[in-house]
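Have a look at the structure below, then the notes.
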Amino acid sequence: MTQDFLSEVSLYGPGFFYAAWTVFWLTILTIVVSWACGLAAAIGHGSKWKAARMASAFYIWFIRGTPTLIQVFIIYFGLPQFGIRLSPFAAGVFSLGLNSGAYVAEIVRAGLSAIPRGQTESALALGFSPAETMRSIILPQVFRIILPAITNEAISTLKNTSLLSTITVVELTLYAQTLIAATFRPFEFYIAVAVIYLLLTTVLTQLAAWLERHYAKLS
């Protein structure tokens with residue numbers, strides 16, 4: 001059984017590598033989009049403008065209240081009705097980025113609330129602009145506070161890339177399903193996919209642990 005398992009997996013190894021590489025880039029790009037959306041929503045939630053607060057609140061409410069898969073379908077199948085056509089890869093990054101961004105917004109908002117307001121007031125009194133205060137003083141501290149939570153969200157994002165098999169993105173899950181349809185060996189290939197995801201999440205976890213140790217030395 002073990003020999004058959006290894007021979008099956010090694011035969012299709014290059015394909016698994018390519019699919020894993022696709023998952024890697026999906027995850028990286030999705031994290032970038034989610035952090036941008038999350039930071040914008042978190043700042044908007046505390047804005048003095050009512051329209052920004054309402055838009056941020058609606059975004060977080062809608063995303064957190066609907067299934068991720070439905071959001072993927074809305075972006076990929078729904079937007080073309082309005083003349084916006086995205087490739088499966090781009091639709092996947094955009095939909096997962098929007099989804100994760102709502103959770104990142106709540107994480108960032110919690111981090112911002114943990115920073116004493118006096119730091120902002122002191123920085124403004126010293127002549128810093130609001131943007132400089134946020135970039136140079138507030139956000140570095142927030143990043144240290146939210147690093148564990150943001151790591152968990154990044155891991156969830158990585159695993160959510162498997163949903164993109166439903167819109168024909170050839171990542172690990174869809175590649176495995178293609179092989180299973182040809183070989184009728186679901187156990188071997190789903191185990192291989194699970195192992196690859198486990199390796200990717202372990203690398204991400206170790207990177208986050210290194211960052212925590214790095215910032216602990218600086219503090």
Side-chain angles (χ1 to χ4, degrees), residues 20-47 52-53 55-69 71-72 75 89-90 92-117 119-120 123 130-164 171-172 196-219:
W21 187 246
T22 300
V23 168
F24 171 79
W25 279 110
L26 280 169
T27 303
I28 294 299
L29 295 174
T30 298
I31 288 174
V32 171
V33 173
S34 69
W35 285 8
C37 293
L39 182 59
I43 294 174
H45 195 278
S47 173
R53 295 197 305 270
S56 297
F58 176 81
Y59 164 62
I60 295 171
W61 168 75
F62 179 82
I63 294 296
R64 296 182 69 187
T66 55
T68 305
L69 186 59
Q71 295 164 19
V72 172
I75 297 298
F89 188 95
V93 169
F94 187 52
S95 56
L96 292 185
L98 285 175
N99 175 268
S100 181
Y103 297 93
V104 171
E106 292 294 275
I107 294 170
V108 172
R109 192 159 66 92
L112 289 171
S113 65
I115 305 299
R117 186 172 181 82
Q119 292 195 21
T120 301
E132 289 173 335
T133 301
M134 181 65 68
R135 183 179 65 253
S136 303
I137 298 174
I138 303 301
L139 288 183
Q141 297 181 76
V142 170
F143 183 73
R144 297 182 192 180
I145 295 171
I146 69 174
L147 184 57
I150 212 77
T151 300
N152 289 335
E153 180 56 33
I155 290 172
S156 296
T157 296
L158 190 156
K159 292 185 289 187
N160 278 342
T161 59
S162 62
L163 297 174
L164 303 184
E171 42 67 69
L172 287 167
I196 294 172
Y197 270 113
L198 186 60
L199 289 173
L200 291 173
T201 55
T202 300
V203 169
L204 192 56
T205 302
Q206 292 302 312
L207 176 60
W210 178 83
L211 285 173
E212 288 186 44
R213 292 192 299 269
H214 175 71
Y215 278 105
K217 293 178 182 178
L218 297 178
S219 58

More than 12 heavy atoms from other groups under 6.0 Å of CZ on Phe62
no
Minimal heavy-atom distance between Ser56 and His45, with the atoms involved, is OG-N, 3.5 Å
For Ile145, check side chain to side chain contact (heavy atoms under 4.5 Å, CB included) against everything at least two apart and list the hits.
Ala114, Ile115
Indicate the atoms forming the closest heavy-atom contact of Ala41 with Ala105, along with that distance.
CB-CB, 3.7 Å
Would a 4.5 Å heavy-atom cut-off, applied to side chains only, mark Leu39 and Trp35 as touching?
no
Which pair of non-hydrogen atoms, one from Thr151 and one from Leu204, has the smallest distance, and what is that distance?
CG2-O, 4.5 Å
Ile155 CD1 to Ile31 CD1 distance, which is reported to the nearest 0.5 Å
9.5 Å
For the residue pair Ile196 and Val23, establish whether any side-chain heavy-atom pair is separated by less than 4.5 Å.
no
Considering only heavy atoms from C-beta outward, does the side chain of Thr161 approach that of Thr30 to under 4.5 Å?
no
Leu164 vs Val72 side-chain heavy atoms within contact, under 4.5 Å
yes
Kindly determine whether Leu26 and Val93 satisfy side-chain contact (heavy atoms from CB on, under 4.5 Å), including the steps that lead there.
CA-CA 6 Å; Leu26 280 169; Val93 169; 3.8 Å; yes
May I ask you to test the Leu96-Ser34 pair for a side-chain heavy-atom distance under 4.5 Å?
no
Side chain to side chain contact (heavy atoms under 4.5 Å, CB included) partners for Ala40, two or more places apart:
none
To the nearest 0.5 angstrom, please state how far the CZ atom of Phe24 sits from the CD1 atom of Ile28.
4.5 Å
Rounded distance (nearest 0.5 Å) linking atom CD1 of Ile138 with atom CD1 of Ile43:
11.0 Å
Closest heavy-atom pair, Thr157 versus Ser100, reported as atoms and distance to 0.1 Å, is OG1-OG, 3.3 Å
For the residue pair Arg109 and Ala42, what are the closest heavy atoms and their distance?
N-CB, 4.1 Å
From Ile150 CD1 over to Phe143 CZ, what is the distance, rounded to the nearest 0.5 angstrom?
8.0 Å
Identify the two heavy atoms, one from Gln71 and one from Thr66, that lie closest to each other, and give their separation to 0.1 Å.
NE2-OG1, 2.8 Å
Which distance, rounded to the nearest 0.5 Å, do you find between the OG1 of Thr201 and the CG of Asn152?
11.5 Å
Indicate yes or no for a side-chain donor-acceptor contact from Tyr59 to the backbone of Gly38 under 3.5 Å, with no hydrogens or angles considered.
no
If we count only N and O atoms by modelled type, under 3.5 Å, do the side chains of Thr68 and Asn99 hold a donor and an acceptor together?
yes
